[in-house]
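A note on names: the letters A, B, ... follow the listed sequences, proteins ahead of strands, and every chain is numbered from 1. Heavy atoms only: backbone and side chains are in, while hydrogens, waters and symmetry mates are out.
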2 protein chains.
Amino acid sequence: MFNERSLTISQECEECPIRHRAVCARCETDELERLEQIKYYRKFEAGQMVIWSGDKMDFVGSVVSGIASLTQTMEDGRTQMVGLLLPSDFVGRPGRATAAYDVVATTDLVMCCFRKTPFEEMMANTPHIAQRLLEMTLDELDAAREWMLVLGRKTAREKIASLLTIIARRDATLHLKAGSGIEGPIVFDLPLTREAMADYLGLTLETVSRQITALRKDGVISLEGKRHVTVPDMERLMEEAGDDSDGGLLV
Amino acid sequence: MFNERSLTISQECEECPIRHRAVCARCETDELERLEQIKYYRKFEAGQMVIWSGDKMDFVGSVVSGIASLTQTMEDGRTQMVGLLLPSDFVGRPGRATAAYDVVATTDLVMCCFRKTPFEEMMANTPHIAQRLLEMTLDELDAAREWMLVLGRKTAREKIASLLTIIARRDATLHLKAGSGIEGPIVFDLPLTREAMADYLGLTLETVSRQITALRKDGVISLEGKRHVTVPDMERLMEEAGDDSDGGLLV
DNA sequence: CGGAGCGTTGACGACCTTCAACCTCTGTGG
DNA sequence: CCACAGAGGTTGAAGGTCGTCAACGCTCCG
């Protein structure tokens, strides 16, 4: 296979699609210039490992495009996804030498990376970066806790509906920037295989498949192919997820 | 009942039991003096609500002694504990106006509080506080993700063993400060009711009770009363938890 | 064509929940 | 002083949800 890791991708920070949501969101022009000097891009193909748990982690970075997943694995092979990394999400922990989780490219993936030491130095004298990272970490903590409720207390059907809700909501905030209302059917593609969904939800892939079929038969969603989903009534889906229909706190 | 909230408790930061682990851990003497001016203590009795989810949250603070829990509740009453707050843990989110979770005093509780606005102002010009808060938040995120594996993939027996392991480990790091080895039996009291354990583990209280009985019958633990636990062989307990026996990353 | 990857469906059974009875301990009031 | 209620906990029986094992379909690709 062609190793794409070494590809050089040139991109100005000012035109970066994640400029205003990533760890650099609050940086001023001069700060951005310094970041620009130490950044480099890496590409991964779908399915490729980005980092192995326990390995030395000599870089940190942001997801620019594509999706990556954070997973934990037990000795006997049971695995649980503990995070879904979307564009602008941050990978790596300043101050820690080794990776705590496996990071896998779920789709083709582009990351904007910094070697750890220069980044940590910049963080020390650039409050804007540390502030933004704190904000992002607090958001992730909220998302993780939200997910604990899903894992601990929801039924298989509710779990699927919850996942679909999250993906639909994220897609909505991405696409319709203008406040074109949340009415009408919502359409999106599942970025995950049935197995990845199962790992996310603490289910087996068979149960995921069955519950998706059930939601389809009950008219909550409709499918074209395996991955293309239409949600005719978003409120209905959220009821199935067991959430308040007035929308969660998290975006 | 006697309302203990208004009690004044005087305590010097320098002599504070959580001085070196809490959000103020990195503060210099002068920074500590400023914190001392805006801090105040609050006491809660076991079972008392500290904050209701959705309520306006006009303070933040640290747990000084006792245990509090963070819980989420669904409309139909299902509840999931999403965090266990031990001494030195931080409560509240700078930058957010309302509480995202219920906070309940699980035992009698003392908190060191700051009104939110003055604290946020201090944070803005005291990097030591923001740095420490970032560190603590990253630790909490790790703990939450560890817990996602427990909730999503472990059996009831493994869940109980995991909880016991966490409590035992924490108790060990608290008590034997000198490196007196991790050999020999470990003894501690459960700070949670069976119901609270169930809420933490995503189980019913009956299942918790049955699995504790099973672990006792199998000699993994022994009990005096309902709450006093002896672990004769810590390694055995960790095997039951499904963890690597060589100890997790998290303390 | 054969195989791999992804997905669906069925049969069966284990694990856990649900519902219920009962126990112990503690504090309260007659 | 005892009765009683309530909280916390244990145990049993029955049933449902979801996991396991297996067969099969589809699409893509060498």
Side-chain angles (χ1 to χ4, degrees), chain A residues 1 45-48 74 76-80 104-107 150-163 189-218 221-229 240 242, chain B residues 1-2 45-48 74 76-80 104-107 150-163 189-217 221-229 240 242:
Chain A
M1 285 298 153
E45 294 170 34
Q48 217 178 338
M74 296 172 65
D76 61 9
R78 281 176 282 177
T79 74
Q80 175 65 50
V104 189
T106 294
T107 64
V150 173
L151 290 173
R153 292 301 185 193
K154 293 197 177 177
T155 65
R157 184 181 176 100
E158 289 170 333
K159 285 180 176 182
I160 300 291
S162 297
L163 179 59
D189 282 299
L190 285 173
L192 302 175
T193 64
R194 300 290 186 263
E195 186 179 18
M197 294 174 69
D199 282 345
Y200 202 158
L201 297 166
L203 297 171
T204 61
L205 63 90
E206 293 94 332
T207 300
V208 170
S209 182
R210 277 189 254 269
Q211 295 298 336
I212 288 180
T213 302
L215 288 174
R216 182 175 53 70
K217 286 187 177 162
D218 295 346
I221 59 174
S222 61
L223 288 175
E224 287 172 65
K226 308 300 184 186
R227 301 286 195 95
H228 194 76
V229 179
E240 291 284 356
Chain B
M1 284 301 152
F2 183 63
E45 293 170 34
Q48 218 178 337
M74 296 173 64
D76 61 8
R78 282 177 280 177
T79 74
Q80 174 65 51
V104 189
T106 294
T107 64
V150 173
L151 289 173
R153 292 301 184 191
K154 292 197 179 179
T155 65
R157 185 181 175 101
E158 289 169 333
K159 285 180 176 182
I160 298 291
S162 296
L163 179 59
D189 283 298
L190 285 174
L192 303 174
T193 65
R194 300 291 186 263
E195 187 179 18
M197 293 173 69
D199 282 344
Y200 201 158
L201 296 166
L203 297 171
T204 60
L205 64 89
E206 294 94 332
T207 300
V208 170
S209 181
R210 276 188 253 269
Q211 294 299 336
I212 288 179
T213 302
L215 288 174
R216 183 175 53 69
K217 286 187 177 163
I221 59 174
S222 61
L223 288 175
E224 286 173 66
K226 309 299 185 187
R227 300 287 195 96
H228 194 74
V229 179
E240 292 284 355

* Asked: Does CD belonging to E195(A) count more than 12 external heavy atoms closer than 6.0 Å?
  -> no
* Asked: Atom NZ of K159(B) to atom P of dC15(C): distance rounded to whole Å?
  -> 14 Å
* **Set of residues satisfying side chain to side chain donor-acceptor pair (under 3.5 Å) with respect to T193(B), sequence neighbours excluded** => none
* Just by protein heavy atoms under 4.0 Å, how would nucleotides 7-20 of chain D read 5' to 3' in B, S and -? -> --SBBBB----SSB
* Provide the closest heavy-atom pair for I212(B) versus M197(B) in the form atom of the first, atom of the second, distance. => CD1-CE, 3.8 Å
* Structure fact -> When rounded to whole Å, the CD to C1' distance for the pair E158(B) and dC15(C) reads 13 Å
* Whole angstrom value for the distance that separates P of dC16(C) from CD1 of I160(B) -> 10 Å
* With sequence neighbours excluded, what pairs up with T207(B) under the side chain to side chain contact (heavy atoms under 4.5 Å, CB included) test? -> A156(B), L203(B), T204(B), Q211(B)
Set out, line by line, the N/O atom pairs under 3.5 Å between protein and nucleotides 24-28 of chain D.
none

* **Listed once per pair and sorted, the salt bridge (Lys or Arg N to Asp or Glu O under 4.0 Å) pairs that draw on residues 207-218 of chain A, sequence neighbours left out** => R157(A)-D218(A)
* Asked: How close do Y200(A) and L151(A) get, heavy atom to heavy atom, and via which atoms?
  -> O-CD2, 3.6 Å
* To do: Return the set of residues passing salt bridge (charged side-chain N to carboxylate O under 4.0 Å, His left out) with E158(A) (not counting sequence neighbours), or none when no residue passes.
  => R78(B)
* Criterion side chain to side chain contact (heavy atoms under 4.5 Å, CB included) on D199(A) and R153(B), from CA distance to verdict -> CA-CA 9 Å; D199(A) 282 345; R153(B) 292 301 184 191; 3.2 Å; yes
